[in-house]
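Structure, as C-alpha cells:
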Amino acid sequence: MSADTPRRIVLLRHAKADWPQVSDHERPLADRGRMDAPVAGRKLADTGIPFDLALCSTATRTRETWKLAVHELPERPRTVYEERLYEASLGDLLALLNETPDEVDDLLLIGHNPGMHALADALAGKAEGDTLQRMSRSGFPTAAFAVIGFSGSWKTVEHGVGTLLDYWAPHD
C-alpha cells in the first residue's frame with residue numbers, strides 16, 4: 001500500500017438505548033432505537049462504501065444497532081466485537097485506528113458518545129460542504145454517522161488528517 005492509499009472511516013453511534021435496571025454495558029435499544037438502526041443501515045448502504053471491517057463495541061446497544069443495520073448493507077463486512085470501544089477515550093480510539101491492518105481501506109466503527117463525536121471532530125481537518133456545520137449543530141445524536149476520508153497508512157492517523165466527507169443523523 002502506498003502512502004496515498006485513499007481510505008474511509010465511518011463512525012456510527014449506537015441507536016437510542018433504553019434505561020432498564022441493568023448495568024450500562026447491558027442496556028438494550030429502546031423502541032425508537034430499533035426503528036432508527038435499520039434506517040441508519042440503509043443510509044450507510046446509500047454511501048456505497050464497501051466496508052472491509054466493522055469494529056463494534058461489546059455493549060448490548062451497539063451489538064443490537066449493528067445487527068439491525070448490517071441487514072441493510074449489500075454485503076456483510078467482517079465484524080470484530082471490540083471491548084475497547086466501550087467507554088473509549090479519544091486516545092483509545094486513535095490507538096485502535098492506528099492498529100488497523102493496511103489491507104483495510106474502509107473501516108466502520110460502531111460505538112458511543114462522547115467518543116464518536118470527539119473522534120470525528122479530531123480527525124476532520126477539513127470538511128466538504130456544510131458537513132461540519134451540520135455535525136456541530138446536531139451534536140452527533142444516536143444512530144448518526146460521520147464519514148471521514150484520508151490517505152496513507154492507518155499508523156499515520158492523527159488529529160486533522162482527514163476530511164469530513166458526509167454526515168447523517170436521523171430526525172435531522
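Every value quoted in this text rests on a predicted model; they were computed, and no experiment measured them.
- Here the closest heavy-atom approach between residue Ala15 and residue Thr142 is recorded as C-CB, 3.7 Å.
- Heavy atoms only, all atoms of each residue included: Tyr167 and Arg134 are closest at O-NH1, 2.8 Å.
- Annotation: side chain of Asp92 is not in contact with side chain of Arg84 (no heavy-atom distance under 4.5 Å).
- For Ala40 against Leu12, the heavy-atom pair with the smallest separation is CB-CD1, 4.3 Å.
- Connection of Met35 to Leu44 is not established within any shared hydrophobic cluster, with ILVMFWY side chains joined at heavy-atom distances below 4.5 Å, either directly or through further cluster members.
- Each of Leu29 and Trp66 belongs to its own hydrophobic cluster when Ile, Leu, Val, Met, Phe, Trp and Tyr are linked at side-chain heavy-atom distances under 4.5 angstrom.
- With hydrogens and angles disregarded, no donor-acceptor distance shorter than 3.5 Å links the side chain of Arg8 to the backbone of Ile49.
- Inter-residue side-chain proximity for Tyr86 and Asp24 is flagged as met; some heavy-atom pair is nearer than 4.5 Å.
- For the salt bridge (charged side-chain N to carboxylate O under 4.0 Å, His left out) with Arg7, the lone residue among Asp102, Asp52, Asp106 that qualifies is Asp102.
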For this session: Evaluate the criterion side-chain hydrogen bond (donor to acceptor under 3.5 Å, both in side chains) for residue pair Thr58 and Glu83; output intermediate values, then yes/no.
Result: CA-CA 5 Å; Thr58 56; Glu83 59 189 37; 5.6 Å; no
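- Counting heavy atoms from C-beta outward, Val39 and Trp168 have side chains that approach closer than 4.5 Å.
- Applying the salt bridge (Lys or Arg N to Asp or Glu O under 4.0 Å) definition to pairs two or more places apart or across chains, none involves residues 153-168.
- Across all non-hydrogen atoms, the minimal contact from Ile110 to Thr62 is CG2-O, 3.9 Å.
- To the nearest 0.5 Å, the span separating CE on Met135 from CG on Asp121 amounts to 4.0 Å.
- To the nearest 0.5 Å, atoms NE2 (His117) and CG (Leu90) are separated by 12.0 Å.
- Between the side chain of Thr79 and the main chain of Ala54, no donor-acceptor pair closer than 3.5 Å is present.
- In this structure, Pro38 and Leu68 have side chains that are in contact, with non-hydrogen atoms separated by less than 4.5 Å.
- When side chains are defined from C-beta on, Glu64 counts as touching Pro28, because their heavy atoms get closer than 4.5 Å.
- Going from atom CG of Asp4 over to atom CZ of Phe150 covers 12.0 Å, rounded to the nearest 0.5 Å.
- Rounding to the nearest 0.5 Å gives a distance of 7.0 Å between CD of Gln133 and OG1 of Thr131.
- Leu119 places a side-chain heavy atom less than 4.5 Å from the side chain of Leu109.
- Summarising the geometry of Trp154 relative to Leu97, their closest heavy-atom pair is CB-O, 3.3 Å, with the distance given to 0.1 Å.
- No side-chain donor-acceptor contact under 3.5 Å links Glu82 to the backbone of Leu55.
- Formation of a donor-acceptor pair under 3.5 Å by the Arg61 side chain with backbone atoms of Ala30 is not found in this model.
- Here the closest heavy-atom approach between residue Leu85 and residue Ser57 is recorded as CD1-N, 3.5 Å.
- Arg13 contributes a side-chain N or O that, together with a main-chain N or O of Phe140, makes up a donor-acceptor pair within less than 3.5 Å.
- Leu123 CG to Leu164 CG: the interatomic distance, rounded to the nearest 0.5 Å, is 10.0 Å.
- In this structure the side chain of His14 never reaches within 4.5 angstrom of the side chain of Arg27, judged on heavy atoms.
- Atoms OG1 and CZ, from Thr47 and Arg42 in turn, are 14.0 Å apart once rounded to the nearest 0.5 Å.
- Using a 4.0 Å cut-off between charged nitrogen and carboxylate oxygen, Lys43 and Asp36 do not count as a salt-bridge pair.
- Surrounding CD of Glu26 are more than 12 heavy atoms belonging to other residues, nucleotides or ligands, all under 6.0 Å away.
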